[in-house]
Asks: 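Handing you this structure, nothing more for now.
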Amino acid sequence: MDNWEIAKILKEIGEYLEMEGEAFKPRAYQAAGEAIEEMDDSLSEIYKRGGLKALEEIPSVGVSIAEKIEELLKTGHLKYYESLKKKTPVDLSQLTTVEGVGPKIIKKLYEKLRIKNLETLEKAARAGKIRKLEGFGEKSEENILKSIEFLKQSGKRFVLGFILSQVEVIVERLKRLKGVEKISVAGSIRRMKETIGDLDILIVSEKPGPVMDFFVSMPEVKQVLAHGQTKSAVRLKNGLDADLRVVEKKSFGAALCYFTGSKEHNIALREIAIKNGWKLNEYGLFKSKSKNDWIQIAGETEEEIYKKLSLDYIEPEMRENWGEIELAKNHKLPKLIGYHDLKGDLQIQTDWTDGANSIEEYALAAKKMGLEYIAITDHTKTLAMTGGCDEKKLLRQMAFIDKLNKKLGGKPKILKGAEVNILKNGSLDIDDRVLAKLDVVAAAVHSHFNLPRSEMTRRISRAMANPFVDIIFHPTGRIINERPPYEVDVEELIKTAKKTKTYLEIDAYPNRLDLKDEHAKKAIEAGLKLAIDSDAHSINHLQYLKFGIAQARRGWATKNDIINTRPWPDLLKLLKH
DNA sequence: GCCGTTTTCGGCCCGACTGTTTTCAGTCG
């Protein structure tokens, strides 16, 4: 049993206990589940090394939960969990994805209508059975249906940033295997799309048999879908389908290109080949010697294929047929921002509000990552649920940061900031006189998501007109697979941002990625610079910056287009005050 | 059920929002 499975079970226990109306236990299980999800070491290793005692060392895990983890590791089962599940046998992971449906409602729906999963929930809602239950009405039934509709649309795609580390573990393991000469991930993962449908791995191997055998018997595998000599496919326990293909060395580049896609990009490449009288497929680029007799002229690497097609090499993130082929032909491709180009992070939530770590812990973690500065941007007072800062608390935090900067010698430099809440009418919930004292001011929408498009656009534009607001955080408010963006005219926001010298953000948190690639591209085309921030709520989240960079690369951003690729003194010159 | 440089017992984030009610329960972050 791996960490992921154990964390899921603990979190589900939390939900079951919430159904029972338990007051504090649910949070304990929830916290333990989350702590385990964030761990790098495997529980079974920890247990092997130090037994129960070592498990209890894990934060949020005490005697009782440690024993449960032990039972899971030893037997693969947990009696306690099973008895809870027996009492209310519902598909929690499915039902909790419906917005507005929580444990209490799930329990009621099960007891009154025997609803167990999305399918039976939708059926009951469509039949008008839910509105008749006490405490429910037409509106709640309608909202359930709406949410199910949204879930269906967002489909079964995985958020890249939440799954990539698991993918990397598998690839690393295969890479070390004897007989694997070359290996690469292809598909939408290689293009760093925000969500991915499956995992495609390509390898070169003289003896693929043992590699395939190894692949289908990995511990993450739940089901083997295919097991052949050149292709195997498995379904992983986390629900992801993974394909492994073996190709010949001379075809590796062609296969990589073919399976990386996008389909549209590949079609455009193939058209160029055809115009030259050639053909391009997953085995290579070929020209015809005589009828039905083709000679390979490229294919071992992607580079030589692009070169033969008279194109500059196109980075995977740009392969969407959004005009990149034209640019490659004319040697006008932008030099994309690199994955190590950020000098700082401008959005971090600390334990002053809803973050998990202290300012100092973030500073040390950022330094380790090579960042020169970080902005502390805790929430403000109208976001009461996070313990948002009022003016007084912000001033206290500023004084605290001054002291900490002295202590750490400015490495990294800690900037005083805030994620100021934009109120319904576009005004801010912190007084301008206090904003004036901050190094960097960001503003964001956290409520009233349902305003009409024009009103929402006006609201955010008004915030940008504030003389102290430098950045708008997560400008469209979407959460991938959970919530669509609010209605807002992004192009208008881009214009206003330029006019008011405000920047828009690419929030790098894996299920936000907001602005998304298309919008980032539009902003950059309009000459607006962007910020890439982690939106970290714990020091582990700082690593999410790379997904923001990926999104920027997908939007064709160069280093110059991103404000926080600059050292702090240069960035300072770009800010309003 | 976890945790402790306020505590080994007594706290545990808590207010906005929604949809249902007519004073509130449940969800969300």
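Treat the numbers as computed from the prediction; the structure is a model and nothing was measured. Every chain is numbered from 1, with letters handed out A, B, ... down the list of sequences.
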Asks: Quantified in whole Å, what is the P atom distance between nucleotide B/dG1 and nucleotide B/dT5?
Replies: 23 Å

Asks: If you measure from the P atom in B/dG15 to the same atom in B/dC9, how many Å do you get, rounded?
Replies: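 Per the computed distance, 30 Å lies between those P atoms.
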
Asks: Is it true that A/K416 and A/D402 make a salt bridge, defined as a side-chain N closer than 4.0 Å to a carboxylate O?
Replies: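 Judged by the 4.0 Å cut-off on N to carboxylate O distance, A/K416 and A/D402 do form a salt bridge.
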
Asks: Taking it one step at a time, do A/Y544 and A/D535 satisfy side chain to side chain contact (heavy atoms under 4.5 Å, CB included)?
Replies: CA-CA 9 Å; A/Y544 289 154; A/D535 197 354; over 6 Å; no

Asks: Residues in ring pair (Phe, Tyr, Trp, His ring centres under 6.0 Å) with A/H474, at least two apart?
Replies: A/H446

Asks: Using the C1' atom as the point on both nucleotides, what is the distance between B/dG19 and B/dC13, in whole Å?
Replies: 24 Å

Asks: In residues 97-122 of chain A, which ones come under 4.0 Å of DNA chain B, going by heavy atoms?
Replies: A/V98, A/E99, A/G100, A/V101, A/G102, A/P103, A/K104, A/I105

Asks: Base, sugar-phosphate or nothing for A/P59? Non-hydrogen atoms, less than 4.0 Å.
Replies: sugar-phosphate

Asks: Looking only at the side chain of A/A28 (C-beta and beyond, no hydrogens), which of the listed nucleotides B/dC12, B/dC13, B/dC2 gets closest?
Replies: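 Looking only at heavy atoms from C-beta outward on A/A28, the closest nucleotide is B/dC2.
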
Asks: Determine the contact category for A/H448: base if any of its heavy atoms lies under 4.0 Å from a base atom, sugar-phosphate if only primed atoms, P, OP1 or OP2 are that close, otherwise nothing.
Replies: sugar-phosphate

Asks: Evaluate A/T380 against A/N421 for side-chain hydrogen bond (donor to acceptor under 3.5 Å, both in side chains), listing each step before the verdict.
Replies: CA-CA 6 Å; A/T380 52; A/N421 201 16; 5.5 Å; no

Asks: Side chain of A/N143, heavy atoms from C-beta onward: which of B/dT18, B/dT20, B/dC2 has the nearest atom to it?
Replies: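 Selected nucleotide: B/dT18.
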
Asks: So does A/S140 get a side-chain nitrogen or oxygen closer than 4.0 Å to the phosphate oxygens (OP1/OP2) of B/dT20?
Replies: yes

Asks: Touch check for A/E142, heavy atoms < 4.0 angstrom, all strands: base, sugar-phosphate only, or nothing?
Replies: nothing

Asks: Kindly state which residues belonging to residues 69-89 of chain A come within less than 4.0 angstrom of DNA chain B, counting heavy atoms of the residue only, listed by number.
Replies: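 Hits under 4.0 Å, by residue number: none.
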
